[in-house]
Protein chains: 2
Amino acid sequence: MQIDDTDRRILRQMMAEPGLPSAELAERAGVTPATCWRRIEKLREGGVIRGEEALIDWHALGWAVEVSLRFTLDKTNPRAFDEFTAAAREVPEVIEIQSFLGSTDMRLQVIARDMAHYQEIYRNRILTLPHIAELDALMLISTIKSSAELPI
Amino acid sequence: MQIDDTDRRILRQMMAEPGLPSAELAERAGVTPATCWRRIEKLREGGVIRGEEALIDWHALGWAVEVSLRFTLDKTNPRAFDEFTAAAREVPEVIEIQSFLGSTDMRLQVIARDMAHYQEIYRNRILTLPHIAELDALMLISTIKSSAELPI
DNA sequence: ATTGAAACTGCAACATT
DNA sequence: AATGTTGCAGTTTCAAT
């Protein structure tokens, strides 16, 4: 999609301070509220803004364990990717799925209430995913979203 | 923080359909708008809802390259973690920073306009980060957020 | 780009359970 | 102590100009 400097200012502002009142967002981007609104509408239609998201702190909710799992799949089956992804989507504790080019094929981010709970998910929901050839796990300590000056 | 079923329904609804008008959110959660608002207020205060975020599709914006980088740090220096993290935060193209327990210490998610741009970032901003002992990179093909029935 | 009308939101006051 | 009701000023959305 085609983007100009005005769009860029709006996007940068939206990322820097999400939830800013739209009048103020418009002012900071240097446009009138109506223009700002129409621009955002087009950015949505164009797929640049895919939606909004409520940021949930799983730790504050009592989900103490977060794990990043890397998978190599058995690529002798050409449908391995699709079937693995479809199965992973069915596991509610899987909160992110990424696919890669290279030796590692997939990465899943998984949350659990505690270690016992994680063990259960791991054994019954993760190890049972189809087409796994190899897998290694990393316990997450913390996630930081870089909010420094954004590259657009 | 203490959460009851009403909070859970509100949170689930907020995650399932972010940006839903507040009156409708309340209705679907089975509470009146005022109650819904008060609950959300408390969830914010309690740190369970950390904020909202606009989901930007970097690919649609012309940022074609996304890479996941895993680092092992030189732990002979006890400040390796802090210094690495602080330096990584200064790189605008780094959009996520995670730290782990185990052999892999950190993971960075990096975006770039194209391969040439990525090369430049990689050489000048990534390899220059302090205390790197080892590092491997994975080219991202796609990210899927699991939106299946949420585990709360 | 500006105006303006209709709808919606955030928040408060007060009564209710 | 938490909930529901009502109310309203301010904001947002969106069409007409």
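Each chain gets a letter, A, B and so on, in the order the sequences are listed, and its residues count up from 1. The figures that follow rest on heavy atoms only: side chains count, while hydrogens, waters and symmetry mates do not. Small disclaimer: the values here were computed from a predicted structure and weren't measured.
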Salt bridge or not between [X] and [Y]? Use side-chain N to carboxylate O under 4.0 Å.
X      : Y      : result
B:E96  : B:R107 : yes
A:R8   : A:D5   : yes
A:R28  : A:E17  : yes
A:E52  : A:R44  : yes
B:D105 : B:R70  : no

Please report the distance, rounded to the nearest Å, between [atom1] in [X] and [atom2] in [N].
X     : N      : atom1 : atom2 : answer
B:E52 : C:dT9  : CD    : P     : 13 Å
A:E27 : C:dA1  : CD    : C1'   : 16 Å
B:I49 : C:dG10 : CD1   : C1'   : 15 Å
B:K42 : C:dC11 : NZ    : C1'   : 15 Å

_Just to verify, which of B:R113, B:M115, B:Q119 counts as forming a side-chain contact (heavy atoms from CB on, under 4.5 Å) with B:H117?_
B:R113
*asked:* Tell me whether the side-chain N/O atoms of B:T35 come closer than 4.0 Å to OP1 or OP2 in D:dT3.
replied: no
*Does a nitrogen or oxygen in the side chain of B:R39 sit under 4.0 Å from OP1 or OP2 of D:dA2?*
no
Where do N or O atoms of nucleotides 11-17 of chain D meet protein N or O atoms at under 3.5 Å, pair by pair?
| unit_1 | atom_1 | unit_2 | atom_2 | d |
| --- | --- | --- | --- | --- |
| D:dT12 | OP1 | A:S22 | N | 2.6 |
| D:dT12 | OP1 | A:S22 | OG | 3.4 |
| D:dT12 | OP2 | A:S22 | OG | 3.1 |
| D:dT12 | OP2 | A:A23 | N | 3.2 |
| D:dT12 | O5' | A:S22 | OG | 3.1 |

